[in-house]
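Please read the structure below before turning to the comments.
When a ligand or atom number is given, it counts from 1 through the structure's own listing order. Quick note: numbers below take in every heavy atom, side chains included, and nothing from hydrogens, waters or symmetry partners.
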Amino acid sequence: MERENAWQKYTAEKDKKKVFKFAEDYRTFLSNCKTERECIDFFVAEAEKAGYVDLNKIIAKGGKIKAGDKVYAVNKGKEMAIFNIGTESLEKGMNILGAHIDSPRMDLKQNPLFEDTDLALFDTHYYGGIKKYQWVTIPLALHGVLVKKDGKRVTVNVGEDPSDPVFGISDLLPHLAADQMDKKGSKVIEGEDLNVIVGGIPAFDKEGKKEKDAVKTNILKLLKDKYGIEEEDFISAEIEVVPAGPARDFGFDRSMILGYGHDDRVCAYPSFVAILNQKKASGKTACALLVDKEEIGSVGATGMESKFFENTYAELFAAMGDYSELKLRRGLTNCNVLSSDVSAGFDPTYASAFEKNNAAYLGRGLVFNKYTGARGKSGSNDASAEYVGAVRKIMNDAKVSWQTAELGKVDQGGGGTIAYIMGNYNMQVIDSGIPVLSMHAPCEIISKVDLYEALLGYEAFIKNA
Ligand code: MN
Ligand code: MN
């Protein structure tokens, strides 16, 4: 069966305005928040404005929480859970909106700066699944943090302000690319070719002679003077190389947004806003869980595999004066989850990679995937028919535009999300999300109406699941 196009609900100018207003807020967020840390800083500031309180501050003071309270917890600046505490016991579970805030990119290596033939370059190691040939010859920015030898943290953000310089990776001119053009796509640009050019003026000594590694020396001098950074500081740094410049409206009708990092901030943002928009939690506690490291397998302290969420759940019980190990386990089991991540939007130019009856379409609303995975659904979470039925009813009752999809044709590829990890707690979990074109490219494309339907769907879910 074919699903309706969601724009038909917004033919009246005043209705369309709501869609565009929310999209504009999101576009601004996406333009400003290009790393997981920047996303968390933004979410914390917004949460505090809305009256949310840091759970760790409450714990430190030996404080208590109760139904109606609004709290959040941050994990190492890169992961966050935000809770609108409901009237039901935490033992009854929560309604959780999960999404990730890391995106494919290049990271500076620990010893990044080198000079070759009068150019200074940064060596990188890419993060997540990228087609490397897409990341050359585009303007790039540097975002991140450096921790200096005295332990002080310096924030880095160069390449976004129109007066900033930008950086970039070169490609070979077509005139000399005979050998390169015969290579297959995965080899056209290789991992060690992702060198970011950062400078070209040598340092000269007092006699006017060029010093050894003179361009590198000059860049280090500049970094020292302007930012107080020394070469060794790069060892204790997390600097991400990302596309420079803001996200833009896309198409004559401005129906879409082109930008870096829709995967998965396009799900994280409406998940977060849905919690903020819920003035009073209904029975169940509502939660948005915004995690890091999904793009490399949800590993490490700030990924979904970490104990952060489980531990925070325990802290909530304790802060309500109601902690027991058994109650915690029951609470985790009783959670309902929308695990949101972007879906592969059907692309008419690459139609052969999709199966038309089970593809996600731009403009047809929030996507639900009963299962994802590769080959015989390997790595998938498989939502039960009962849970899919319950979610279907919630969406229909709230008149949300939604569709169902798989990730492309069977045996064409595949992918996983954080859903199965939440399933490990025996939670009810379904994959959901927003269709994206050019997923994992430096600039991805989403439809504004899908973003808006996701917000409506998330609001309905935390209220009614
Ligand atoms: Mn994703
Ligand atoms: Mn991804």
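When you scan the N, O or S atoms of His440 for the one nearest the Mn ion (ligand 2), you land on NE2.
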Per-pair distances, 0.1 Å, donor-acceptor, side chain in residues 125-140, under 3.5 Å, sequence neighbours excluded:
from	atom 1	to	atom 2	distance (Å)
Tyr127	OH	Asp102	OD2	2.6
Lys131	NZ	Tyr133	OH	3.4

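Annotation: side chain of Asn195 is not in contact with side chain of Phe122 (no heavy-atom distance under 4.5 Å).
In this structure, the salt bridge (Lys or Arg N to Asp or Glu O under 4.0 Å) partners of Arg329, at least two apart in sequence or on a different chain, are Glu325. With sequence neighbours excluded, the residues satisfying salt bridge (Lys or Arg N to Asp or Glu O under 4.0 Å) with Glu91 are Arg330.
The aromatic rings of Phe317 and Tyr313 sit parallel to each other, their planes meeting at less than 30°, with 60° as the upper class boundary.
Inspection of the environment of the Mn ion (ligand 1) yields the following protein N, O or S atoms under 2.8 Å: His100 NE2, Asp263 OD1, Asp341 OD1, Asp341 OD2.
For the atom pair CE of Met304 and CZ of Phe309, the computed distance is 6.5 Å after rounding to the nearest 0.5 Å.
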